[in-house]
Amino acid sequence: MRSGTLYLGIVPDYKPQIVEGKWQQRWRDSRAFEVSEDPDKPKFYCLEMFAYPSGHAHVGHVRNYMIGDVVARMKRMRGFNVLHPFGWDAFGLPAENAAIKNNTHPETWTLENIAHMKGQLQRIGISYAWEREIATCLPEYYHWNQWLFLKMLERDLAYRKRSNVNWCPSCNTVLANEQVIDGACWRCGTTVTTRELEQWVLRITHYADELLESAKDLPGWPEKVLTMQRNWIGRSEGARVKFQLVSELASPEQELEVFTTRIDTIFGATFVLLAPEHPLVQAWSELPGAEAFRRDMERFRAQDRTGRMTGEIEKEGFDTGRTALNPFTKQPVPVWVANFVLGEYGTGAVMGVPAHDQRDFEFATKYQLPIVRVVAADEAASAAADVTPMTEAYDGPGKLVGSGEFTGLAVDAAIDRMSAFAEQQGFGQRTVQYRLKDWGISRQRYWGTPIPVVYCDKCGMVPVPSDSLPVLLPKVAEFSGRGDSPLAQIPEFVNTTCPDCEGPARRETDTMDTFVDSSWYFFRFCDPQNTELPFDPDKVGYWGPVDFYSGGVEHAILHLIYSRFFARVFRDLGMTTISEPFTRLLTQGMVLKDGQVMSKSKGNVVDPDDMIRQFGADALRLYVMFVAPPEKEIEWTDSGLEGSWRFLARVWRLVDHLCETVGGKGIPAPDEVELNDAERALRRKTHDTIRRVTTDLDPRVHLNTAVSGLMELVNELYAFCGRTECLKIGQHPDAIPADGAVERAGTIAVLKEAVEALVRMLSPFAPHMTEELWEMLGHVDGIVVSGWPAFDEEVARLEEVVIPVQVNGKVRARLTVAAGTAEDRLRELAVADPQVAKHLEGKTVKKVVVAGGRLVSIVVS
RNA sequence: GCGAAAGUGGCGGAACUGGCAGACGCGCCGGACUUAGGAUCCGGUGGCCGAAAGGCCGUGGGGGUUCGACUCCCCCCUUUCGCACCA
């Protein structure tokens with residue numbers, strides 16, 4: 001043996017494959033992660049966004065589950081009653097497409113994928129309460145989608161509406177606004193077109209204001225996500241203003257209403273613009289002799305929807321030949337149809353103020369409509385306004401000109417006064433407009449929840465009574481991938497009897513958007529087997545809301561806004577008191593390989609099972625947690641994984657080497673024995689590490705720095721053992737010369753404390769290996785119940801501190817002094833230090849600052 | 001165009017409230033042990049000058065505040081993300 005080293009001649013075997021199988025089996029057998037409500041313990045609901053069972057989970061997917069598992073295991077050790085469930089977002093289009101392609105049934109495909117992926121997660125050692133597993137494609141689950149739909153119908157939160165909807169020609173189905181990304185289908189990327197369809201809609205706008213207000217302050221959510229939600233809801237305050245139609249040809253409707261946020265500019269309104277979809281435009285197009293009108297209208301309506309939405313298409317319009325009276329000026333203005341006016345926003349009609357709106361300016365320039373300036377930045381601009389032609393619209397602050405009795409008012413005051421005036425006169429109304437639209441949930445596909453209504457010739461639309469639920473999805477259907485809903489092609493399903501009159505009736509053949517399934521599954525986990533209700537309010541009362549929720553940022557709007565909506569619906573049904581379902585939200589970064597997002601289609605996926613075979617699940621988990629903060633994307637490297645494996649093997653060897661020394665009973669606690677300097681230093685490091693790792697995990701969730709803290713402790717332990725003669729391999733402490741019995745007891749005591757703290761704190765990251773080590777250290781009860789190590793502030797406090805001394809901002813020396821040395825003394829020592837003195841030579845000391853007792857700063861000139 | 005976040009060694013990343021920049025790991029270099037070692041243990045590793053002691057420079061660029069700035073303020077550059085004719 002060489003002195004000064006811990007040389008382990010025989011490398012003890014760290015065989016993750018054996019250890020991991022053993023503990024996964026034990027956890028299963030002991031139902032280690034199953035929980036029930038326990039009012040005596042604080043609860044913690046830890047959830048990762050459940051999975052779409054696409055087939056095989058790759059490392060990019062499982063990163064999320066690993067993050068959640070570290071949090072869940074840590075909280076469990078810290079004494080919380082932890083609910084950590086998992087399930088499957090199992091309805092959806094890929095199953096149907098796979099069915100078409102492979103001539104199988106979506107259910108078969110889905111259930112096989114679930115079985116495989118469940119195995120993958122179990123091999124990673126995620127501590128799920130598997131007895132609560134749910135799959136949304138099973139009647140036990142979608143029954144309650146239907147139940148909730150009926151409740152929403154009763155409360156007028158669900159309604160049927162004929163409108164232009166987003167249509168994905170590839171998926172052959174409708175998409176919600178949230179599901180159109182840059183004009184393309186969120187799932188397949190095909191350019192979305194428009195169709196006019198009658199479909200079921202959920203009134204999310206009922207909660208628009210509340211969703212927006214709460215999104216201003218959800219302290220546990222990333223600011224980025226909140227901003228996205230606020231923008232999506234898009235509140236604007238303004239006014240609706242009525243313009244009287246004066247044309248002889250005017251339809252029976254004698255007025256049209258515009259929405260504006262800038263009523264102060266209304267004296268500059270020189271025309272009115274209607275969306276091609278506006279009802280008046282439709283009505284006029286149907287009048288005799290309106291062929292040309294109709295042709296233009298149709299042309300605009302057929303224009304690419306996203307082009308119109310994003311401004312890529314040139315602004316175009318045509319004169320309707322009608323005029324309307326500006327209610328403020330009483331002057332007639334022409335009414336035009338314009339392709340850039342959106343039918344579904346506001347009233348589908350706007351006033352054209354070319355002087356103060358760039359879009360109107362361009363339109364007016366193109367069609368030579370008058371431009372009248374009514375807001376001036378200052379006096380000079382006001383004077384110049386009449387003579388200088390504008391080159392662009394002015395939308396800055398200023399005072400009104402040429403606006404009758406409102407002339408001279410500042411913009412904000414004018415908006416206020418003019419809105420009030422319009423209300424008083426009865427031609428206007430202050431109003432709040434949202435960008436958020438009600439959520440269309442009808443999908444013309446098979447693999448989803450049947451919408452529980454029937455259509456009867458006599459009674460019209462009739463909801464299926466709750467006691468007849470669930471409306472089962474029939475097993476057999478044609479999956480041609482063409483035409484209308486596959487359900488429409490199954491007569492046995494379609495033809496039914498009316499619940500009211502018992503006459504013949506047809507079932508609704510559309511299914512629900514799968515985002516309905518995922519909007520409330522977190523409540524179902526609290527009571528997954530309930531056959532009477534979606535969940536027992538008491539159980540959700542105990543577990544809810546979700547304390548820690550993690551998943552991809554791609555759901556920042558879709559899933560996360562729908563869930564906030566549904567939580568409020570359940571609340572208003574009296575079933576919960578929860579408004580915000582997710583207290584803390586972590587959006588995990590993606591995993592890249594070769595600079596690209598890991599995905600099956602790119603062929604760059606890393607299968608966790610391959611990594612587990614080589615290095616074990618613990619090494620995989622540790623690597624993914626260590627390589628970067630959880631929110632950041634990471635670039636996969638094999639060498640990084642190997643490094644984590646090496647670290648675990650290093651811990652294994654250390655504990656294996658020490659377990660006979662520090663394992664078992666009868667070892668005194670460190671504060672019961674006398675400690676030498678080295679022992680006190682190790683103890684200090686131990687407690688400092690506990691403090692750091694604990695706060696890094698909770699509440700910070702800085703998993704990467706928590707791991708690095710543990711690595712430092714391991715390095716310290718190796719160094720300590722290397723310096724300690726009695727710890728050379730092959731020499732049991734009993735065989736050590738007896739010149740330091742007390743010292744040896746201290747060594748054993750501090751080592752035991754350090755090693756046990758290390759193993760326990762490592763266990764959320766590497767649960768299998770640490771269970772095994774914990775057992776090797778002589779513990780009978782699992783590490784899961786061992787508790788989290790406590791740290792002692794007193795012990796962690798340094799006895800000696802190093803104080804850097806700066807001269808003009810540069811560190812010139814370091815003083816080693818007793819902790820708590822008085823500031824005056826520090827000043828003396830600093831100035832007297834030879835290195836410092838060198839830099840003070842020939843100069844005048846102007847000031848000596850002692851900052852918080854941690855640093856001395858000397859200013860010279 | 002608007003909004004947000006970010007920019008630190010060869011690489012991933014630390015630095016929590018303005019107080020020792022580069023923790024920890026990867027990679028690389030050296031040593032020990034060895035028949036051998038891609039294992040293991042120990043050490044080194046921002047750049048430049050220097051044998052060393054030490055010195056100078058250094059957190060995208062430029063300015064500012066401060067005894068002291070990766071951190072705060074102003075301007076600019078770059079990247080990523082989100083929104084994008086919403087009247």
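The structure displayed is predicted, hence computed values, not measured ones. Naming convention: chains lettered A, B, ... in sequence-line order (proteins, then strands); numbering from 1 in each chain.
A sub-4.0 Å separation between OP1 or OP2 of C83(B) and a side-chain N or O of Arg435(A) is absent. Residue Lys810(A) places none of its side-chain N or O atoms closer than 4.0 Å to OP1 or OP2 of C67(B). When the side-chain nitrogen and oxygen atoms of Asn715(A) are compared with OP1 and OP2 of G25(B), one or more of them lie within a distance under 4.0 Å. Between Tyr718(A) and the phosphate of C41(B), there is a side-chain N or O to OP1/OP2 separation shorter than 4.0 Å.
Base contact: Val350(A) has a heavy atom under 4.0 Å from a base atom. Residue contacts shown for Val341(A) include a base, since a base heavy atom lies under 4.0 Å away. Residue Arg650(A) is in sugar-phosphate contact alone, with no base atom involved, counting any heavy-atom pair closer than 4.0 Å across all strands shown. Residue Gly346(A) is classed as having no contact, given no heavy-atom separation below 4.0 Å to the nucleic acid. Contacts of His839(A) with the nucleic acid, taken as non-hydrogen atoms under 4.0 Å apart, involve only primed sugar atoms and P, OP1 or OP2. Residue contacts shown for Lys632(A) are limited to sugar-phosphate atoms, with no base heavy atom under 4.0 Å away.
Base pairing analysis places A39(B) opposite nothing; no Watson-Crick or G-U wobble pair with both distances below 3.5 Å involves it. Base pairing analysis places G46(B) opposite C57(B); the two distances defining the Watson-Crick or G-U wobble pair are each below 3.5 Å. Using the Watson-Crick or G-U wobble rule with both distances under 3.5 Å, C33(B) pairs with nothing in any strand shown. The nucleotide A4(B) finds its pairing partner in U80(B), both defining distances of the Watson-Crick or G-U wobble pair being shorter than 3.5 Å. Base pairing of C11(B) is made with G25(B), judged by Watson-Crick or G-U wobble geometry with both donor-acceptor distances under 3.5 Å. In a base pair of the Watson-Crick type (N1 to N3 plus N6-O4 or O6-N4) or a G-U wobble (N1-O2 and O6-N3), with each distance short of 3.5 Å, U71(B) is matched with no nucleotide.
Below the 3.5 angstrom threshold, one finds no donor paired with an acceptor across the side chain of Ser639(A) and the base of C26(B). Not a single donor-acceptor contact under 3.5 angstrom links the side-chain atoms of Arg262(A) to the base of A87(B).
Cation-pi geometry between Lys242(A) and Phe427(A) is not met: the NZ or CZ atom fails to fall both under 6.0 Å from the ring centre and inside 45° of the normal. Both tests pass for Arg650(A) against the ring of Tyr718(A): distance under 6.0 Å to the centre and angle within 45° of the axis.
Side-chain proximity of Phe626(A) to the nucleotides G19(B), C67(B), C24(B) is greatest for C24(B). The nucleotide whose nearest atom lies closest to any side-chain atom of Glu712(A) is, among A87(B), C56(B), C24(B), C24(B). Of all nucleotides listed (C86(B), C20(B), G27(B)), C86(B) comes nearest to the side chain of Tyr345(A). Picking from G19(B), C26(B), G13(B) the nucleotide with the shortest atom distance to the side chain of Pro629(A) gives G13(B). Checking C42(B), C26(B), A87(B) against the side-chain heavy atoms of Leu342(A) singles out A87(B) as nearest.
Comparing Lys838(A) and Ile634(A) against RNA chain B, the residue whose closest nucleotide sits nearer the 5' end is Ile634(A). When each of Arg812(A) and Gly809(A) is assigned the nucleotide of RNA chain B with its nearest heavy atom, Arg812(A) is the one assigned upstream, toward the 5' end.
The CG atom of Asp638(A) sits 16 Å away from the C1' atom of G25(B) (whole-angstrom rounding). Following rounding to the nearest Å, Glu642(A) (CD) and A39(B) (C1') show an atom-to-atom distance of 12 Å. Rounded to whole Å, atom P of A21(B) lies 7 Å from atom CZ of Arg814(A). Between the CZ atom of Phe647(A) and the P atom of C41(B) there is a distance of 12 Å, rounded to whole Å. Between Tyr623(A) atom OH and G13(B) atom P there is a gap of 10 Å when expressed in whole angstrom units. Leu717(A) places its CG atom 16 Å from the C1' atom of C24(B), with the value rounded to the nearest Å. To the nearest angstrom, P of U66(B) lies 12 Å from NZ of Lys846(A). Rounded to whole Å, the distance from NZ on Lys593(A) to C1' on G12(B) is 16 Å.
Trp232(A) has its ring centre no less than 6.0 Å from the ring centre of Tyr434(A). A ring-centre distance under 6.0 Å is found for Phe363(A) and Trp336(A). Remark: aromatic rings of Trp439(A) and Tyr562(A) are close, center separation under 6.0 Å. Between Phe626(A) and Phe647(A), the distance from one ring center to the other does not fall under 6.0 angstrom.
C70(B) and G46(B): their C1' atoms are spaced 15 Å apart (whole Å). Rounded to whole Å, the C1' atom of C49(B) lies 22 Å from the corresponding atom of G10(B). Across the C1' atoms, U45(B) and C26(B) are found 13 Å apart, a figure rounded to whole Å. For the P atom pair drawn from G60(B) and U79(B), the interatomic distance equals 16 Å after rounding to whole Å. Atom name C1', nucleotides U59(B) and A69(B): the rounded distance is 11 Å, in whole Å. Look at the P atom in both A15(B) and C24(B): the space between them is 14 Å, to the nearest Å. Taking atom C1' on both nucleotides, U71(B) is separated from A53(B) by 33 Å, rounded to a whole Å. The separation of C77(B) from G62(B), taken at their P atoms, amounts to 15 Å, rounded to a whole angstrom.
Contact check on Arg230(A) versus Glu223(A) returns a salt bridge, with a Lys/Arg side-chain nitrogen under 4.0 Å from an Asp/Glu carboxylate oxygen. By the 4.0 Å N-to-carboxylate-O rule, Asp824(A) lies close enough to Arg827(A) to be salt-bridged with it. Using a 4.0 Å cut-off between charged side-chain N and carboxylate O, Lys685(A) and Glu712(A) make a salt bridge.
The CD atom of Glu635(A) sits 5.5 Å away from atom CG of Leu592(A), with the distance rounded to the nearest 0.5 Å.
Nucleotide G82(B) is shown with an anti base, its glycosidic torsion being more than 90° from 0.
Within residues 220-231 of chain A, the residues that place at least one heavy atom under 4.0 Å from RNA chain B are, in residue-number order, Lys224(A), Met228(A). Within a heavy-atom distance below 4.0 Å of RNA chain B, the residues of residues 687-706 of chain A found are Arg700(A), Asn704(A), Thr705(A).
Judged by distance alone, the side chain of Arg700(A) and the main-chain N or O of Thr695(A) form no donor-acceptor pair under 3.5 Å. For the pair Asn704(A) (side chain) and Pro630(A) (backbone), a donor-acceptor distance under 3.5 Å is absent. No donor-acceptor pair under 3.5 Å is formed between the side chain of Asp696(A) and the backbone N or O of Leu703(A).
For Arg584(A), there are no salt bridge (Lys or Arg N to Asp or Glu O under 4.0 Å) partners two or more places apart in sequence or in a different chain.
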